[in-house]
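A short write-up of the structure that comes next.
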Amino acid sequence: MLVRTRFAPSPTGYLHIGGVRTALFNYLFARKHGGQFILRIDDTDANRNVAEALAPILHGFKWLGITWDEGAEVGGPHGPYYQSQKLERYRAAVQTLIAKGFAYHDYARPEEVKTEREAAEAEKRLYHYSRKWMGETDAQRKHFEMEGRRGVVRLRMPREGSCKFNDHIRGAMEVSWAQEQDHVIQRADGSCLYNLASVVDDHDMQITHVIRAEEHLSNTPRQIFIARGLGYEPPEYAHVPFVAEPGSKKKLSKRNLAQYLKNPDFKKVFDHGQTVAAQVGLKTAAETFNPVIVDFYEQVGYLPDAVVNYLLLLGWALDDKTEFFTRAEMLAKFSLEKVNSAAASFDCKKLSAFQDHYMQQLPVDEKTALVTPFLRKAALVPSEPSAADTAKVRAIVQAAGDRLKTAGDILDYRDFFVADDQLAYDEKAFEKRLRKPPEARALLAKLRERLAAAETFDPAALEKLLHDFVAAEKIELGQIVHAARVAVTGKGVGFGLFETLAILGKERCLARSDRALARL
RNA sequence: UGCCCCGUCGUCUAGCGGCCCAGGUCACAGCCCUUUCACGGCUGCGACACGGGUUCAAAUCCCGUCGGGGUCACCA
């Protein structure tokens, strides 16, 4: 079976997480059946900087590894793939519809239509346009134009019977034609509307399966009407439920960001992103830099595989236990039939769990490569890191282990990179571990001397040194470990102390110990 | 308002008449591990919206109620 699917974003400047999921389903479905996935651009609104507004969207898909066979940038045999370039084609389709009696010129003024509609609503009666200003003959049209009216083109919808179609997710659908209005398909200025353009494009691009969000379900009958009117065989349909807000069933939208921030989990992920962004000098507007926008995840250092895997499982499941899918497995196992028919709420905490998993799978060298750009942007490492720099970063990545949940988390270890006299202290930790325990100062001073005398400074040697120290002083390890960590990193938490000391090296450990002792 | 869609733990879901007094994930709580943090291990908490049918048997089928959502543009 030949399968061709499409995703048609408008150039808005950002890629919405719900849109990505829809695109992902389209992509997987097409590729699974050996077909093509097309990326078409819905820029009928013709705003000025299409290229600029499109770039982040295309970039997002590329980052996620969702590639398209035809469409923007790559072209293809069924172009143009930009709706703004097909105006004549749409107008021709409109003419065909008129010629066949499926559409008509209409000269009603907006207020006149409004009045009719309100009258119907007041009487609680199903509204249908009276077609009073319909211009069927040239004479009628001329007459209306003489009155200074400008015509649009409307669909002449049936008012009896029903439209039946099959939906791959919802099953048999039937909507009575009487529910439909005489929708406008061409504006007074001659430009064409979505319903018309979409049907024409799907036909021109030989789309076989229209997989889209359920808010388009109600557009389907009129699109089928247009398709048939034009002599096209309508495609197959699959309306996937929209992605809902965190903790709600409302459609996710970037507009309600303020409200999502009241959700503690969402806020946490958002704040984490802000922290990372601030350190790498990224200028962020909450509008376009938040967990609803895909770009956010790239900037914070998430893995594309984690984002895609999470999105795959948002409204779809293979069985009762499989959670992790490689790209190959996704392609092999995806099916429309298993898409859940109820809306699924977006839970960025769960996305984080996938991120944790994929990050843990990553070899140290790959993590090091992933993390380095963040250090560079934060000016903690030179733009051309030396071999020694890389080795140091690698050692930190290794020691940090599972604590690095996103690439941006490397910035939690910035104290390894700052100059000794620039080290910032967590005052609470400093108080608790160094000032409060009466013996802390003396112990730290003694440890400093031991460190100064150390011949080797690797983790194993340091572990032995610490244990000998503890035995000699007749104290518990905990009595010195925390104090030393605060002294040397400024923080109360971090990875293993032996690794910490080793990475810093003897000189810096001594310098930092001295500085801490001086503050006591 | 009309039309349409949806309704299993807080979340994502498994379930398509008996395997289910409902299984898994995330989250949460407790315990264990442990130099802090994180990881990991174990345990716990926790749902078939409600009411009628059909059936020997219903989360699964039918009807109704309630609830949630979508859509009714010269937006896409």
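- A close approach under 4.0 Å does not occur between any side-chain nitrogen or oxygen of A:Arg433 and OP1 or OP2 of B:U35.
- In this structure, A:Asn340 does not reach the B:C6 phosphate: none of its side-chain N or O atoms is under 4.0 Å from OP1 or OP2.
- A donor-acceptor contact under 3.5 angstrom links the side-chain atoms of A:Lys350 to the base of B:C12.
- Heavy-atom nearest nucleotides on RNA chain B were determined for A:Leu313 and for A:Gly478, and the one closer to the 5' end corresponds to A:Leu313.
- Between A:Phe270 and A:Tyr260, a ring centre-to-centre spacing not shorter than 6.0 Å is recorded.
- With 3.5 Å as the limit, one finds a donor-acceptor pair spanning the side chains of A:His168 and A:Glu236.
- Nucleic acid contact for A:Asp402: sugar-phosphate only, since backbone atoms but no base atoms lie under 4.0 Å from a heavy atom of the residue.
- Here A:Gln360 lies in heavy-atom contact (under 4.0 Å) with sugar-phosphate atoms only.
- Taking 4.0 angstrom as the limit, A:Arg117 places a side-chain polar atom (N or O) nearer than this to OP1 or OP2 of B:A73.
- The partner of B:C3, taking Watson-Crick or G-U wobble pairs whose two distances both stay under 3.5 Å, is B:G70.
- Remark: A:Lys338 is not in phosphate contact with B:C16, judged by side-chain N or O atoms under 4.0 Å from OP1 or OP2.
- Listed pair A:Lys405 / B:C39 meets the phosphate criterion, a side-chain N or O lying under 4.0 Å from OP1 or OP2.
- Under the 3.5 Å distance criterion, with hydrogens and angles disregarded, a donor-acceptor pair is assigned to the side chains of A:Gln83 and A:Asp201.
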